[in-house]
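Below is one structure, written out as structure tokens; comments come after it.
Index from 1, following the sequence. We count ligands from 1, going down the list as the structure has it; atoms in each ligand are counted the same way.
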Amino acid sequence: MTKNRSPLEILDSVLGAISRGGYASLARSHGLEQTLAGAAQRGLEEAPAAPESFSEILKLAQGLDTQPLAARRNRLERMQAIVERLRSPAMFEVSRPAARPVAKPANVPAPPATRKSPAAKRASSGSGPGLKDEVKWVKGVGPKLAGVLERLDIHTVEDLLFHLPVRYDDLRHVTPIRDLVPGMQAVVVGEVTRMGRFGRNGRELVVRDSTGELTCKWFQGFERVRAARAKPGDQVRVTGDCRQFRAQREFHHPDIEFAEEPSHVPGGIIPVYPLTEGLHPKQLRAAIANALQLGVEGLSDGLETVKGISLPPIPLGEAVRRLHQPPDDSDIEKYLVRMSEAHERLRVHEAFFLALGLAIRRRQTAEVTGISIPDNDTLLAPFISNLPFELTGAQKRAIAEIRRDLVQPRPMNRLLQGDVGAGKTVVALAAALVAVGAGYQAALMAPTEILAEQHFQTMTKLVQGLDVPVALLTGSQKLSTESLVPARVYHELARGTPMIAVGTHALIQEKVTIGKLAFVIIDEQHRFGVEQRRTLLSKGYMPDVLVMTATPIPRTLALTVYGDLEISTLDELPPGRRQVQTVIAGDGSEMKLWDAVARQLAEERQAYVVYPLVSESELIDLKDAERGVKEITSHYIPGARVGLLHGRMKPADKDKALGDFRAGRTQVLVSTTVIEVGIDVPNATVMVIEHAERFGLAQIHQLRGRVGRGGAQSYCFLVPSAGISAEGHRRLQVLASTNDGFRIAEADLEIRGPGEFLGTRQSGLPEFRVLNLARDLDLLQSCREAAARLLEADPGLQKRENGQIRTLLLERWKGKIEFSGVA
Ligand code: ADP
Ligand code: MG
């Protein structure tokens with residue numbers, strides 16, 4: 001059945017279905033990637049007219065299923081905008097600057113010419129609710145709808161105004177019935193020729209224009225009641241989604257408008273908003289239109305007077321109005337790709353307040369006084385001479401940089417980035433020993449129990465003989481070195497005994513007090529939210545912070561967005577490391593691949609086999625992984641000792657699986673992505689990554705860092721799913737061609753976009769509606785300079801002319817940062 005639908009129709013109907021109810025079903029839907037990528041691929045082949053659009057969709061579809069929910073939704077919305085653009089007839093026309101009125105039968109009245117009713121004029125002059133008032137006061141909202149809007153994080157009138165369309169439907173033109181294509185939203189004008197009923201409550205009308213007939217059906221709802229009033233011969237205008245039903249095209253539940261009544265259907269360009277359960281698009285459109293009538297003049301940001309930024313010549317309020325109600329003569333293309341003047345105005349607004357907030361944060365951290373940890377060698381010297389290896393030059397440099405920061409009273413905020421296996425843990429431990437040697441406590445927080453345990457074991461081993469207690473705190477256990485019995489861990493931590501605490505989120509529980517916490521290490525920070533980080537920090541007084549990451553942040557982005565972070569880079573691998581040889585397994589080469597694995601096992605080496613996280617629930621992945629275990633033992637490598645490790649196992653079982661692998665009792669460890677970070681088994685020399693195209697590039701790079709840790713030649717086999725696209729293959733090629741984490745990160749950033757790369761929600765930055773942290777670097781840079789100049793002249797933003805900027809700044813960053821110097 002799907003065979004004879006065009007790729008565009010498939011894309012449109014799939015995207016339409018999934019977006020319904022504010023993407024309510026997204027979390028439960030599987031295999032979207034395959035369907036969408038397949039359709040886009042066909043589109044590329046069949047529609048040479050629009051190759052960029054289809055390849056853009058393809059790009060967005062690839063890896064979709066493995067993305068977090070919010071990212072998936074964002075991608076789907078972007079795809080929908082592209083599909084919309086493809087569908088819209090404007091695609092085939094040159095854009096016209098002049099307004100074109102919507103064609104309609106002579107006796108259908110035009111919509112009111114002005115958007116502002118007299119009542120609204122009164123309201124905007126002071127008698128209606130203001131921007132900061134609760135949204136329930138907006139006409140057409142009320143307490144019940146306000147409750148629904150809460151779910152979209154809309155609380156005030158202003159929030160409602162900033163709830164922007166994800167796309168627009170172009171209903172400026174009437175479509176002849178003959179030209180209707182299933183999947184498109186269109187306006188049809190014609191005469192009612194027949195009426196009928198079906199089912200229990202169903203109503204149907206047949207509408208005819210000079211080119212054909214269209215059946216309109218209503219199964220329920222308000223419009224059904226209106227449709228029931230139709231008589232043959234009535235002139236009507238119907239607006240709806242076209243579907244194919246058997247041989248005919250139909251509209252289901254279209255809006256219907258009679259010639260003799262005032263228009264209630266919006267014509268022109270119709271905004272399409274993100275919705276939520278229980279919120280009808282029309283309700284939301286009406287509410288926003290009413291809010292706009294209250295006046296957007298109050299939405300101003302004062303940027304017009306700031307020097308050094310180039311602003312489109314419209315006030316912020318007007319930009320917001322246009323984003324909701326693009327003027328009829330707008331170039332819809334620009335709106336769909338978010339490049340209209342209105343978008344641009346809002347983009348500058350977001351970029352400037354981001355830059356300003358960051359600049360203030362920078363200035364503040366420069367002033368804050370924390371703990372000055374006296375530099376010392378007490379523990380560090382014996383530690384370094386005990387190490388079974390020589391530190392690399394990069395490690396020595398990083399340790400020196402950190403030591404310099406620790407002595408400063410200003411709290412350190414440093415990123416330690418280095419490729420997998422570069423030896424970050426040793427650097428962090430060395431720095432922690434400076435703190436402990438000075439009588440303070442240090443804490444390391446890792447994102448998973450496995451990783452925490454790994455760090456605990458490494459550290460315990462490396463500090464042997466130094467008499468430094470290392471305690472482990474995870475949800476399931478509290479361990480400690482010989483010098484400290486478990487029951488005393490909490491006690492000693494609270495008392496301020498100089499020691500190192502390693503743990504997961506368990507570290508930030510309320511009952512945990514760390515009396516003399518001066519140094520905090522956060523591993524793989526992108527996995528923690530701002531809140532969690534802050535809670536840990538709050539256990540000490542302005543502790544020095546070292547964040548470790550193996551996913552390097554491209555330098556330009558780091559400078560612009562994390563301008564307040566110092567960076568230490570381990571750009572040198574310990575000697576003797578051999579590059580992991582990465583091979584993309586082709587069709588039918590499975591047996592060869594497993595033969596290669598079997599040869600390694602025969603040499604007493606070990607192997608990982610990794611399955612991607614494809615669903616939120618992990619249940620499906622688990623099935624994949626379980627099947628993998630069976631296939632390996634029964635088919636590929638009969639007799640191999642195979643273990644299974646996944647996120648849903650009880651901690652004790654995880655320990656056992658990992659312990660068995662470490663001790664060599666199992667030869668192959670099949671796992672879901674839980675092993676991504678930190679597992680260190682030097683004897684493992686092979687990694688097989690199944691459905692490799694579903695992983696992000698940086699993630700695969702992380703994964704393959706689990707092998708090649710012992711000095712023996714190691715291998716990584718990337719096994720793509722059947723039917724992987726050429727584009728997907730090209731991406732994997734990046735991994736096969738380089739081991740350079742920075743180059744991979746850049747490629748990944750390009751492919752996935754910065755939202756997912758940085759995760760604004762986790763980065764402690766305000767949310768952006770139109771700003772794109774990767775694409776808009778130039779804009780950010782100019783705003784950064786402008787913000788610095790502004791603060792130079794008025795550090796506290798105390799001058800009257802900066803009052804508005806100050807107020808807005810505090811609002812935008814509320815809860816994300818404390819502006820003690822400004823507020
Ligand atoms: P990362 O966290 O950067 O991926 P680790 O700190 O886990 O790397 O180090 C990887 C492995 O390399 C560990 O087994 C560690 O003991 C070892 N290692 C660290 N530094 C060196 C070095 N300078 N020379 C040799 N081996 C090292
Ligand atoms: Mg590590």
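Looking only at atom types and distance, the side chain of T474 has no donor-acceptor partner in the side chain of E453 under 3.5 Å away. Defined by atom type and a distance below 3.5 Å, a donor-acceptor pair is present between the side-chain atoms of S568 and E401.
Between L473 and T504, every side-chain heavy-atom pair lies at or beyond the 4.5 Å cut-off. Considering only heavy atoms from C-beta on, M412 comes within 4.5 Å of F519 through its side chain. At least one side-chain heavy atom of V434 sits under 4.5 Å from a side-chain heavy atom of D375.
Salt bridge R403/D377: present, at least one basic N to carboxylate O contact under 4.0 Å.
The closest approach between M548 and ligand 1 stays at or above 4.0 Å for every heavy atom of the residue. In this structure, A422 counts as a contact residue of ligand 1, since one of its heavy atoms falls inside 4.0 Å of the ligand. Heavy-atom separations between D419 and ligand 1 include at least one value shorter than 4.0 Å.
Summarising the contacts of atom 6 (O) of ligand 1 with L573, T425, D523, T549, the nearest heavy atom is found in T425. Compare A428, P388, G423 by their heavy atoms: the one nearest to atom 9 (O) of ligand 1 is in G423.
Listed by number with element, the atoms of ligand 1 under 4.0 angstrom from any heavy atom of T392 are 23 (N). Contact atoms of ligand 1 toward E390: 22 (C), 23 (N), 24 (N) (distance under 4.0 Å to a heavy atom of the residue). Taking every heavy atom of L391 and a limit of under 4.0 angstrom, the matching atoms of ligand 1 come to 23 (N).
Checked against V719 for a side chain to side chain contact (heavy atoms under 4.5 Å, CB included), the options I584, I689, L732, L593 give a single hit: L593.
A donor-acceptor pair is defined here as one N or O able to donate and one able to accept, closer than 3.5 Å; no such pair exists between the side chain of D660 and the backbone of R665.
Of the polar atoms of G418, none of the N or O atoms is found under 3.5 Å from an N or O of ligand 1, judged by distance alone.
At a heavy-atom cutoff of 4.0 Å, ligand 1 is contacted by no atom of T458, backbone or side chain. Under 4.0 Å from ligand 1, the heavy atoms of Q395 that appear belong solely to its side chain.
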